[in-house]
Amino acid sequence: MARLIFELGIGSVQRPDDWARFRWNDFDATGMRVVQQKTGRELYIPCTGYLIQTLETEPKNGLTILTKQDGTPLPHRRMAQIMRDERRRLGVEAYDLYALRYRGIHELALHGCTDDEIASYSGHTTKAMIERYAGAAKQRIRAGQAHKKRQ
């Protein structure tokens, strides 16, 4: 369950509140349709290879992807507890669920995605929020470009 939550977080770059609402019928084997709880915005999110592999091996116990053993949706509180236990096991308690969203957006920026491309994936509507999540990665890329020119 922890790996599934991890892959949903990084692979979808959506807010943790949305992960528990992802439904199997919104996944088409390459991506998923998402309606953001906070904004009401509907997005199509292409899935990472890791997320696709994880979803393909995950049993479909209910309507939602994250479920309890009885097939009912996994409550946000239980999802947070699972990940809190996993972070403790790995010794990375300093990182919360939003760190997965941050990391996914960071990866998009590291791969050279524009602000518009990142926004189309994350659902952000302001450049300030994209800068908050992707700023360090974009700075790293620009510094590398400057270094190449300096050589």
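Nothing fancy with the numbering, it's 1 onward along the sequence.
Shown here for P73 and T64, the closest heavy-atom pair between the two residues is CA-OG1, 3.6 Å. The minimum heavy-atom distance linking I45 with Q14 is given by the pair CD1-NE2, 3.6 Å. Across all their heavy atoms, G9 and W19 have their closest contact at CA-CZ2, 3.3 Å. Heavy atoms only, all atoms of each residue included: R21 and V35 are closest at NH1-O, 3.3 Å. Pairing each heavy atom of I52 with each of C47, the nearest pair is CG1-CB, 3.6 Å. Nearest heavy atoms, M1 versus T67: CE-O, 3.3 Å.
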- Task: In sequence, state the C-alpha distance, the side-chain angles, and the governing distance for L66 and L4, and then conclude on side-chain contact (heavy atoms from CB on, under 4.5 Å).
- Result: CA-CA 8 Å; L66 293 174; L4 177 58; 3.6 Å; yes
- Message: Run the side-chain hydrogen bond (donor to acceptor under 3.5 Å, both in side chains) test on Q139 and R142 for me, step by step, so that the C-alpha distance in whole Å, both residues' side-chain angles and the decisive distance to 0.1 Å come before the verdict.
- Response: CA-CA 5 Å; Q139 179 276 322; R142 287 189 303 268; over 6 Å; no
- Item | Intermediate values then yes/no, side-chain contact (heavy atoms from CB on, under 4.5 Å), T39 and T125 | CA-CA 10 Å; T39 66; T125 56; 5.8 Å; no
- Report the C-alpha separation of D28 and T30 in whole Å, then their side-chain angles, then the decisive distance to 0.1 Å, and conclude whether the side-chain hydrogen bond (donor to acceptor under 3.5 Å, both in side chains) test is met. CA-CA 6 Å; D28 68 7; T30 60; 3.0 Å; yes
- Task: Assess whether side-chain contact (heavy atoms from CB on, under 4.5 Å) is satisfied between L100 and F6, documenting all intermediate values.
- Result: CA-CA 7 Å; L100 299 176; F6 177 85; 3.5 Å; yes
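Just one of F27, F22, Y50 meets the side-chain contact (heavy atoms from CB on, under 4.5 Å) condition when paired with L55; it is F27.
Residue-environment remark: OH (Y44) exceeds the threshold of 12 foreign heavy atoms within 6.0 Å. The environment of R132 atom CZ is sparse: at most 12 non-hydrogen atoms of other residues, nucleotides or ligands sit within 6.0 angstrom. Around OH of Y95, the count of heavy atoms belonging to other residues, nucleotides or ligands within 6.0 Å does not exceed 12. Counted within 6.0 Å of CZ on R33, heavy atoms from surrounding residues, nucleotides or ligands total more than 12; the atom is thus considered enclosed.
Annotation: side chain of L108 is not in contact with side chain of E117 (no heavy-atom distance under 4.5 Å). Contact annotation: the side chain of D17 never approaches that of K38 to less than 4.5 Å [non-hydrogen atoms, C-beta and beyond]. Counting heavy atoms from C-beta on, the side chains of M32 and I65 come closer than 4.5 Å. Considering only heavy atoms from C-beta on, T57 stays 4.5 Å or farther from R3 through its side chain. The side-chain heavy atoms of Y98 and R103, taken from C-beta on, include no pair separated by under 4.5 Å. Looking at heavy atoms from C-beta onward, H124 lies in side-chain contact with Y133 at the 4.5 angstrom threshold. A heavy-atom distance below 4.5 Å is found between the side chains of I82 and I5.
Judged by distance alone, the side chain of T48 and the main-chain N or O of L51 form a donor-acceptor pair under 3.5 Å. The backbone N or O of P46 lies less than 3.5 Å from a partner atom in the side chain of Y121, making a donor-acceptor pair. Remark: side-chain polar atoms of Q36 are paired, donor with acceptor, to backbone N or O of S122 under 3.5 angstrom.
Under the side-chain hydrogen bond (donor to acceptor under 3.5 Å, both in side chains) criterion, D115 pairs with K127, K138, not counting sequence neighbours. With sequence neighbours excluded, the residues forming a ring-ring contact (aromatic ring centres under 6.0 Å, His included) with Y102 are H106, listed by chain and number. Applying the side-chain hydrogen bond (donor to acceptor under 3.5 Å, both in side chains) test to N25 and every residue at least two apart in sequence or in another chain returns nothing.
Screening residues 91-101 for salt bridge (charged side-chain N to carboxylate O under 4.0 Å, His left out) gives no qualifying pairs among residues at least two apart or on separate chains. Among residues at least two apart or in separate chains, there is no salt bridge (charged side-chain N to carboxylate O under 4.0 Å, His left out) pair with a member in residues 59-82.
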Sequence neighbours excluded and cut-off under 3.5 Å, please list the side-chain donor-acceptor pairs for residues 143-151, or say none.
unit_1	atom_1	unit_2	atom_2	d
H147	NE2	Q151	NE2	2.5

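The OG1 atom of T54 sits 8.0 Å away from the CG atom of L8 when rounded to the nearest 0.5 Å.
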